[in-house]
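Reviewing the structure listed below.
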Amino acid sequence: MTTIAQQLKIKDFPFIIKDKAGEEIYRETSSGFWSKCERDTNGKEIYFEKSNGFWIKREYNANGNEIYFENSYGEISDKRPKQVEVTLLQIADKLGINVEQLRIKN
């Protein structure tokens with residue numbers, strides 16, 4: 001596979017590509033080693049990959065805190081909120097009452 005610098009016949013290294021915000025999104029060395037990343041709309045890195053096959057994926061919450069991390073070594077940290085689905089019957093069973101006794105408030 002040819003790299004971006006090889007395709008463009010670049011001779012001046014390191015070859016760097018930046019996004020509109022001036023953040024580096026691609027880097028390549030004269031040996032053909034490269035790394036690239038993707039950022040979300042807040043500039044947070046959500047994906048990173050190197051030519052040796054290593055990669056990282058991340059997710060952030062609305063406050064910019066990392067809530068998910070995974071890498072190609074199999075390391076995972078998942079702090080995303082979990083949705084729990086239960087039926088009224090399951091709730092009633094846990095409370096030891098009949099379903100008819102349940103009232104849901106807003």
Side-chain angles (χ1 to χ4, degrees):
M1 175 180 168
T2 49
T3 67
I4 293 174
Q6 290 168 344
Q7 291 174 29
L8 297 174
K9 298 181 176 26
I10 300 293
K11 302 292 183 209
D12 189 22
F13 291 94
F15 173 63
I16 298 170
I17 300 174
K18 296 182 179 185
D19 63 13
K20 287 188 259 184
E23 297 285 344
E24 186 176 304
I25 58 173
Y26 183 85
R27 172 181 288 264
E28 188 173 327
T29 65
S30 59
S31 64
F33 174 83
W34 55 262
S35 62
K36 66 179 180 177
C37 75
E38 296 175 26
R39 299 179 189 279
D40 65 14
T41 55
N42 297 315
K44 295 268 197 180
E45 187 177 279
I46 56 173
Y47 184 75
F48 176 81
E49 182 180 2
K50 292 195 230 179
S51 56
N52 65 3
F54 177 76
W55 55 263
I56 296 173
K57 294 179 186 177
R58 291 183 171 99
E59 290 181 30
Y60 302 89
N61 64 14
N63 297 324
N65 299 316
E66 184 180 277
I67 58 172
Y68 183 79
F69 172 90
E70 178 181 2
N71 67 25
S72 56
Y73 297 142
E75 299 170 333
I76 298 174
S77 171
D78 191 351
K79 300 174 191 166
R80 296 176 291 191
K82 307 295 186 256
Q83 289 187 349
V84 178
E85 292 185 13
V86 293
T87 66
L88 289 176
L89 181 58
Q90 290 170 320
I91 294 169
D93 284 346
K94 288 284 184 190
L95 297 173
I97 62 174
N98 293 324
V99 173
E100 295 79 23
Q101 293 176 281
L102 286 175
R103 299 290 178 261
I104 308 282
K105 289 184 178 182
N106 285 337

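Sequence positions, counted from 1, serve as the residue numbers for this chain. Predicted, not measured: the structure shown is a model, and the values here were computed from it.
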Subject >> Within one Ile-Leu-Val-Met-Phe-Trp-Tyr cluster: Ile16 and Ile25, side-chain cutoff 4.5 Å >> reply: no

Original post:
Under a single-linkage definition using a 4.5 Å side-chain heavy-atom cutoff for Ile, Leu, Val, Met, Phe, Trp and Tyr, are Phe69 and Tyr73 assigned to the same hydrophobic cluster?
Top reply: yes

Original post:
Which residue, Asn98, Ile97, Leu102, forms the side-chain contact (heavy atoms from CB on, under 4.5 Å) with Glu100?
Top reply: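 For Glu100, the side-chain contact (heavy atoms from CB on, under 4.5 Å) check succeeds only for Asn98.
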
To the nearest 0.5 Å, how far apart are [atom1] in [X] and [atom2] in [Y]?
X	Y	atom1	atom2	value
Lys50	Ile56	NZ	CD1	8.0 Å
Glu38	Asp19	CD	CG	11.5 Å
Arg27	Trp34	CZ	CH2	14.5 Å
Glu28	Gln6	CD	CD	6.0 Å
Glu59	Asp78	CD	CG	8.0 Å
Ser30	Phe13	OG	CZ	6.0 Å

Original post:
Do you know the tightest heavy-atom contact between Gly32 and Ser51?
Top reply: O-OG, 4.3 Å

**OP:** Over all heavy atoms of both residues, which pair between Arg39 and Glu23 is shortest? Give the atoms and the distance, please.
**Re:** NE-CB, 3.4 Å

With a 4.5 Å cut-off on side-chain heavy atoms, are [Y] and [X] touching?
X	Y	value
Glu45	Arg58	yes
Ile10	Thr3	no
Asn71	Phe48	no
Glu70	Trp55	yes
Phe15	Ile4	yes

Original post:
Is a donor on one side and an acceptor on the other found under 3.5 Å between the side chain of Lys82 and the backbone of Arg80?
Top reply: yes

Subject >> Note: Lys36-Glu49 ion pair, threshold 4.0 Å (strictly below) >> reply: yes

**OP:** Could you tell me whether Lys105 atom NZ has more than 12 heavy atoms of other residues or ligands within 6.0 Å of it?
**Re:**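 Atom NZ in Lys105 is not packed in, count stays at 12 or less.
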
Subject >> side-chain contact (heavy atoms from CB on, under 4.5 Å) assessment of Asn42 paired with Tyr60 >> reply: CA-CA 10 Å; Asn42 297 315; Tyr60 302 89; over 6 Å; no

